[in-house]
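The structure under discussion appears below in the form of C-alpha cells.
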2 protein chains.
Amino acid sequence: MRLIVAANRLFHRQGLERSAIADIAREAAVPAGNVYYYFKTKEELVEAVIARRNAFIAAWLADLETEAAPRERLIRFVGEFERTSDMRARHGCPVGGLCHDANRLGGALASQARGAFELLIDWLRDQFAALGAEPGEARAGALHLLACLEGASLLAHSFADPSVMRNETARLKDWLEGYG
Amino acid sequence: MRLIVAANRLFHRQGLERSAIADIAREAAVPAGNVYYYFKTKEELVEAVIARRNAFIAAWLADLETEAAPRERLIRFVGEFERTSDMRARHGCPVGGLCHDANRLGGALASQARGAFELLIDWLRDQFAALGAEPGEARAGALHLLACLEGASLLAHSFADPSVMRNETARLKDWLEGYG
DNA sequence: GTCTATAGGCAGATAGAC
DNA sequence: GTCTATCTGCCTATAGAC
C-alpha cells in the first residue's frame, strides 16, 4: 500500500503528530480525502504502519538467524545500526522515535509500538543465553545493548553527528568480541 | 515564574506539541490569554523553559564537583538517574524527551535543547579525563555513559518499568568502579 | 497589568458528486 | 472506487474592556 509507505517515511522524519493526513496523501500522490476510504481514522493508519514495521523487524531477525554463531549474529545486529548511522543522525531511530511519540499518545498505539522493542529484546536475550549467560543476565545484556543503541541514536540525532553512533557501535562490538 | 514551572511540567509529561497554551495557563492558574503578556510566542515560552532547565543542570553539575574524587562524582551522577527511575518510567527523561521534540521542530529550539546534552557530556568528559582517560576516550566514555542512561530511560518509559532503569544504573556503577 | 472574547488558521473527518 | 468541497473542533495569537 503506497499510503503506508508514505506514512512510514513521514512518521520517521516528522513524527506522528506533525505528519498531517494531507501531507501523507500528497507524499503518496493520492487525494487527501481518499485516505479515509482505506483507513477509518488516522490512528488506524498509524497501526498499519507499526504492524508493517514490526513485520519487517521480525523478518530481519529471522534472517540474522542464518548466521550460525550467536556472537556473530549480535555483531551483525550492531553492524546494522552502524550502517544506518547517517540516517540516524538525520532523523533519529525509527523505532525509538515512534515509541517516544506513541508513549505520549498512550493507549493501544503505545503498546503496539513497544512491540518492536519486545521483538528485539527477546531475540537479543536468546542470543546472550546461547552465549552462556544466565537467564537474568541474558535479559540484562539485551536491555543494555538496546539501550546503548537507542541512546546513541538520540545523541547522534541531537548533534546531527553520525560519528556518535559509530563510536558506540564500535564500543559494543568490542564488548561482544570479549563476551562470555 | 509560575508559568515556566507549569510549562516545564507539562512539556515533560505531554511533550511540546501536545501542551497547549491553554493547558499551561490552567496548570499555572492564570487566564489563557494572559500568557501572551509575558511571552510573545509559544516558542519564547519554550526557550524560557529550556534556559531554566539548563541552568538547573549546570548548578547540579557544579554541586557534584563538591565530591572530591571523579569516580565518586560519576557514581553520584548515575545515582541521580537511579533515584529518578520511577519518574523516568512514567514520563521518560525530561532532557531526552525535550531534545527529541525540539529536534523535530528544528531551528533555534533544537540547538538550545541540545545544550543540555552538551553540558552533561562536557562535564562527564572532564571526569573521565581526571580518571586518566585519553582525550578521545574521555569523550567516548562520556557519550557512552549518557547514551546508556538515555536509552534506558526510553526503554523504561516504553515498558512503564522502572526496573529497566535500575538495571542499567547498576551496570554502569559496576563499570565505573572498575574503570581506569 | 489582568482578564474575556474572538479572530484566523490548520488538521481530522465526512458528505456526496462522479 | 475515486475525488472535491466542506464541516467541526482545536490551537496560537490578538483586540480591547476593565
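Sequence lines set the chain letters: A, B, ... in the order given, protein chains first and strands last, and positions in each chain run from 1. Note that the coordinates shown come from a computational prediction; the quantities given were computed from them, not determined experimentally.
Between A:Arg76 and A:Glu67 there is a salt bridge, with a side-chain nitrogen of the basic residue lying less than 4.0 Å from a carboxylate oxygen of the acidic one.
B:Tyr36 places its OH atom 18 Å from the P atom of C:dA5, with the value rounded to the nearest Å. When the C1' atom of C:dT14 is taken as reference, atom NZ of A:Lys42 falls 17 Å away, rounded to whole Å. A straight line from CD1 of B:Ile21 to C1' of C:dA5 spans 17 Å, rounded to a whole angstrom. In this structure, CZ of A:Arg26 is placed 13 Å from C1' of C:dC10, rounded to the nearest angstrom. Rounding to whole angstrom units, CZ of residue A:Phe39 and P of C:dG12 are separated by 14 Å. Between B:Arg18 atom CZ and C:dC10 atom C1' there is a gap of 16 Å when expressed in whole angstrom units. One atom, CD1 of A:Ile24, and another, C1' of C:dA13, lie 14 Å apart when rounded to the nearest Å. One can place CD of A:Glu44 at 11 Å from P of C:dT14, the figure rounded to the nearest angstrom.
Between C:dG12, D:dC11, D:dA13, one nucleotide has an atom nearer to the side chain of B:Ala20 than all others, and that is D:dC11.
Position along DNA chain C of the nearest nucleotide to A:Lys40 versus A:Asp23 favours A:Asp23 as the more 5'-ward residue.
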B/S/- along nucleotides 1-8 of chain D (protein heavy atoms under 4.0 Å) is SBSB----
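The closest side-chain donor-acceptor pair between A:Ser153 and A:Arg88 falls under 3.5 angstrom.
When all heavy atoms of B:Arg18 and B:Asp23 are compared, the closest pair comes out as O-OD2, 3.6 Å. Shown here for B:Leu154 and A:Gly96, the closest heavy-atom pair between the two residues is CD2-CA, 3.9 Å.
For B:Trp175 and B:His144, the ring centers are positioned less than 6.0 Å apart.
The aromatic rings of A:Trp60 and A:Phe77 lie parallel to each other, their planes meeting at an angle below 30°, with 60° marking the opposite boundary.
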